[in-house]
Every structure is written in C-alpha cells, then in structure tokens.
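Let me begin by presenting the structure, written as structure tokens, before commenting on it.
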Number of protein chains: 2
Amino acid sequence: MGRKATLRDVATLAGVHYGTASRALREDTAHLVSPETVERVRSAATKLRYTPDLIAQSLRTNRTSTVGVVVPDIANPIAAALTRGVQDVLRGAGYVGLVVSTDANQAHERSEIAALVSRQVDGLIVASTKTPSLYSEIAASGTPVVLANRRVETDLPTVTASVGDGIEQAIDHLLSLGHREIAYIGAAGDANTGLDRHVAFERVMRARGLDSSDRAVRLSPGYGQHDGAELFERLLEEGGRPTAVIAGNDMMAVGVLSVLRRMDMSCPEDVSIIGCNDLPFMEFLNPPLTTIHVPHAEIGSAAAEALLAILRGEDPESTELPVEFVTRASTAPPSH
Amino acid sequence: MGRKATLRDVATLAGVHYGTASRALREDTAHLVSPETVERVRSAATKLRYTPDLIAQSLRTNRTSTVGVVVPDIANPIAAALTRGVQDVLRGAGYVGLVVSTDANQAHERSEIAALVSRQVDGLIVASTKTPSLYSEIAASGTPVVLANRRVETDLPTVTASVGDGIEQAIDHLLSLGHREIAYIGAAGDANTGLDRHVAFERVMRARGLDSSDRAVRLSPGYGQHDGAELFERLLEEGGRPTAVIAGNDMMAVGVLSVLRRMDMSCPEDVSIIGCNDLPFMEFLNPPLTTIHVPHAEIGSAAAEALLAILRGEDPESTELPVEFVTRASTAPPSH
DNA sequence: TTGAAAGCGATACCAG
DNA sequence: CTGGTATCGCTTTCAA
C-alpha cells in the first residue's frame, strides 16, 4: 500500500475510464462530465489521497508551475528579502520558486541557468546578472524573464526602485539641516544600482547650486564595510572635512561610522551619515542609521506579478517602485 | 527553428534510432554503442544544442534532481545562510533547491509541502516545523527527509549545533572575567533551539556552584529585540542587578543593549552582554557583540550531504556541529 | 456524457 | 551493437 495513488487508481475505484477521471478532477473540464460522476470520482480521489503528479502533468502541458529565481547570493539580506517577496506572490498562483545563487560568477550563472531551463521553468526572475544578453536569448526562446532590482540595458521587463529620488531626498534633508560640505562614498562597480546613485548625487548637488568644491565623491570597486571605511579614511587624510556623508549603501555607511569611532569623532555630532537600502539591522545601530529604504520584498513581488502577467499572455510594463527616506539618528545639524 | 531540440531530432540528424541516441549520450550506457556512433550522436547533439528534458527524464526515472528546502522565512538571515549552505552542496551534485517559506504557520506548511511532494522532489531538507509527524509520514512514504537546525522528537536524521557547549563557554568566559551575577534572557517558545539554551544555562550554572540567587532567568514567548528589552527592563525594575547577561539570541541581546542605553548605563562597563547565533551584523554593533557563532551555512551543507547520502542508499547519522564562542567587545570584567 | 487512443520526451528491456 | 517497443502519469482530441 506504499505507492502513490495514480489517476488510473481513482478511475478504477470510481468505475470510470481514467480519461474521464482526469476531466472530472480539473475545474475547467468538470462541466463536461455528469455531476454524479464528478462526485464519484472526487470522493474516490480523496479516499485514495490522490494528488496529481505534476511531473507527468508538466510533460503533457509544457507548464511546470515553477519559476527560477536567480540571485547573487541568497544569504545576502537584499536577495533574501527579494526572494521572499517573489515567493509571496507565487504561492498564491500555485507556483513555487527554484532558487539559485550565482555568486556574481559568470560560469556559475550559466550553469545554474542551464539547470533551471532544462527543468523547464515557466519563467525566470533575475536579480543578478553581468550578462543580460543571456536572458534576452532565453526570453526570445520562449521562457519569459523579468529583471529585478538592477537596471541593465535590455528590453526585458524590469522592476527597480527609484533610488535617485532617495538620494535627492537625502541631500535635501542634509541641506535643510544646514550642511554644505557633503561627501559621497560609494561603489564604482558595474552594478547599475551603484552607478545610479553617485550619478544622482552629482546631478542633484549641481542642481542645488553646490559647486564641486562642496562635494567630494569617492568610489571604490568594492562595496563592503571595509571599502567604505577605507574611502572615508583617505578622504580625511587628504584634508577633506565633510560635515555629512551619503554612502552608496548601508554597509559602506557602517564603514564610515567605524572610522569616525576610531578617530574619536562622533555621529551625528561631528558628521552626519546617510546609508542606502535599509538592511534589516540598521535601526539597531548606534546611532540608528538614517537611510534610504529600498523595498526589496516589494520589488520581488512586483517582479513576480509581472512574470505571472506574461504567463497569462499580458505584456506588463517595467516599473519603478518608490523608495522611502527614513530619518533616524545618524543625521543632525552640523556642529558650529 | 524556435523549438528546443529533442532526442529524436539528434537521432535523425545522426541517422540512428532515438533509443540508440539516448544510450550514446549518457555516460553509463555509452559503452553499449560503437565509438563512431557515439561520436556521430554527440556531435549532432552539440550542433543542435540539445539538452535533455529533465521533466521527461523524471517521469521515466522517478528522480527529479530537485530537493525541497523548507524554512520558516527565507528573509530571516539564519534561514538564508542555511539555504546557502544547502545550495552549495546540491549544486555539486546536479541538484537544485525548491525553496519555500512556511511562516511557522501550519496551514502554509502543509500546502507548501504538498506543493513540493507533488513536484516529486527527491528529498526534503526541513529547517522549520511544528509538526514533525508530517515528515515522518513523508519519509515513510519514500521521500527522504533531513531535519536541520532544530532538534525535534523524531528518528529522522537531524543536523544541529551544540549550542549548549556555547552556553557553557559563555558562562565560563564570564566567570573568568569575575562575574557572579549572571542573568539569562531568552525565549520560552516551543522551538527546541530555544529550550536547549536556557536549560543549558541552568545546568551549567549549577554545575559551577552558582546557586539560584546568583542567576536570574527570564523567558518570554517571543524572541525578538523587543522581547529581550522588555524582559531585561522588568528584571531591573524588580531589583535585579546582574553584571552580565546571556541572551537566548542576538536580537534579544540587542534589546538588552537598547535598554542599557536608554538608562544611561553602558556596555560592557556596567553590564556585559553575550548573544547567540552570530547574525551577519553583530560585529558592527557598538560595542561589537560577543556571541556564540552557530554555523548555519555548515548546518545546511551537512544536511544536504546527509540527504545526498540517503539518496545514494546510505544511512547517515544525525550530527551535531560545534559552535564557536566569539569574544568581541560587549564583555569585560565587572566594574562593581 | 463517456471511452479509446494518441502523444509529451525520455529510459530500458527484448530481440535481432 | 542497434532497432523496436512498452511505459512513466497525465491531457486532450476524436468517436461512439
């Protein structure tokens, strides 16, 4: 009695042909079958604890109700939040996510994608890629792809956040506090999410009439806590005396904070700091970090919605979700 | 030219029967085919960019090279790290993970599990469950299950960490620093991961000859930052004056820290704090948190190894991985 | 309304 | 060594 019940099992128990059983069990075809037969089949099914074999179903229908989720590293809180958002909307539609981490490594990426494609995923949500062309091909071959979080040159539907607006709010917040010497510490990498940020910084500063002597922009290839610390330390060594710094992400902000601490300067008294992303722990830092909240889970959800829309035959637009500037305790008026 | 190449396509291109093509392409049967035929088939395959349809393959072989990963919430850093560890070993074996979040909600859990089972996953790695019996059934029905992180009453193979040892090291660390009044602030929930901890605390304290007047144990149903804060605040109100506190997890430790700050007491001068888990950000707190590092990724990897072993027909033991006590700056001798 | 039968794309057994 | 064929569990068209 170990084996799983199959469609034929319920059919024989109900005394009908298995084709009929199939029709009786699925919503969209049940109306082709007499009510009493439907009843008989259904009760047979529950008696046998029948659940359809999705593999067989997939082979027949070419749909697996499975989507691939491609992130750089699921252990990274941004990717994790995004994945959660994806799951939340997939669940409602009967889909589940095949999640892979690429480590931002092209070889890994290719092989993971291959693994997903050969498993016939119905679509892909990609939150990490150095090779968008890879996905254009996939999309062209019929597997829909939605890009999330990072904007890349492509015509694939993409869900991003308007981090530029956040930078603008950050700058205006600082200006209204009385700051004039504002530095930017960020990543120069190819991730467009990084580029947007420092470009936005420069643009807004200029727009506010702050000339280049008022701003110091420092970029590094990395984007970790250490990179932020190093960049800020060098800025100080070279005589920079910003009263506030905007960091390209929260980790780099933490790096700046650590340098301050080491030099016996304090935040926000001596220098104000603003981060970006609003990672899970930022409110518990000392001081709690003022930062730009990027709605990663919502980005994931929106990407999943877009993918489902494509699967329904619609043609969703790319969207840009608003960010939220959240002021906590790492910013204050400049002292003196 | 859009459609994917199938086995018959490469067979006709190579001028052989598709059964032969199948044999030629798979390692274990290639020796049944003449070398030149193998060659012909293989080149046809690469020319057509043939990749086997894993769905069809699965239907035939009853193996999907897919495993289900069940976590409470993928956005939770512990679950994320664990999942990463799982992925790392699965990747090497050609498996991918179908990841679902249950929200510690039984209804969700059941439906997610059903989704995985009907997708014919080859096995399950479960890092969250209130209903172990559910999995015993599944295992009995032939789908192997490995439990990770939480110990529950079951005979399923389980991978955990020896957090009790960590608690012991934490206490000894505190004692060697000169502390005598040590409090424990933790969760009372049904998660065995929580129970272990305060039980270990009581046991070790007694073993070290500290009688109950030297220890205050406070438990709450929740296990967040807020719960930790509340518990500690109440302890203080009721006249408790511990010189050190061990928290059941890092979030609760942060809660304790926040109370200290609010009361203008400082850590570690006024009270030392030790956390548990070593979540990603703990080294960047102020002060950096002394804590018990639980190797979540390794737990995930070990669980995946165990699952693969079962799939190979072996019978792996349950294992308990060592934790690492990491001393940072939130502990110091009592100032008295 | 129901039964029969053809496949989906692969594997594997049995002959030749 | 290779070809034919049954089969995995299901959906779906075609007749009856």
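Just so it is clear, the model here is predicted, and its values are computed rather than measured. In the text below, chain A, chain B and the rest are named by the order of the sequence lines, each starting its count at 1. Only heavy atoms go into these numbers, but all of them, side chains included; no hydrogens, no water, no symmetry mates.
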If you measure only the distance, is there a donor-acceptor pair under 3.5 Å linking the side chains of A:Thr160 and A:Arg150?
-> no
For A:Ser43 and A:Thr46, test the side chains for any donor-to-acceptor distance below 3.5 angstrom and give the result as yes or no.
-> no
Whole-Å distance, A:Asp9 CG to D:dC10 C1', equals 13 Å
Specify the separation, in whole Å, of atom CD1 of B:Ile55 and atom C1' of D:dC10.
-> 13 Å
Any chance you could list the contact pattern along nucleotides 10-16 of chain C? Use B for base contacts, S for sugar-phosphate-only contacts and - for none, protein heavy atoms under 4.0 Å, 5' to 3'.
-> BBBB---
For residues 295-312 of chain B, which side-chain donor-acceptor pairs fall under 3.5 Å, sequence neighbours excluded?
residue: B:Ser301; atom: OG; partner: B:Gly85; partner atom: O; Å: 3.0
residue: B:Ser301; atom: OG; partner: B:Ala297; partner atom: O; Å: 3.2
residue: B:Arg312; atom: NE; partner: B:Glu314; partner atom: OE2; Å: 3.0

Write down the distance between CG (A:Asn62) and C1' (D:dC10), rounded to a whole number of angstrom.
-> 13 Å
Decide whether A:Ser101 and B:Gln87 meet the rule of one side-chain donor and one side-chain acceptor closer than 3.5 Å.
-> yes
All side-chain hydrogen bond (donor to acceptor under 3.5 Å, both in side chains) counterparts of B:Asp122, not counting sequence neighbours = B:Thr64
Here the distance between atom P of D:dT11 and atom CG of B:Leu59, to the nearest Å, is 12 Å
Using 4.0 Å as the upper bound for N to carboxylate O, is an ion pair formed by A:Arg84 and B:Asp103?
-> yes
Find the distance B:Lys4:NZ to C:dG9:P and express it as a whole number of Å.
-> 10 Å
Whole angstrom value for the distance that separates P of D:dT2 from NE2 of B:His31 | 13 Å
Gap between atoms CG and P, on B:Leu25 and C:dG9 respectively (whole Å) | 16 Å
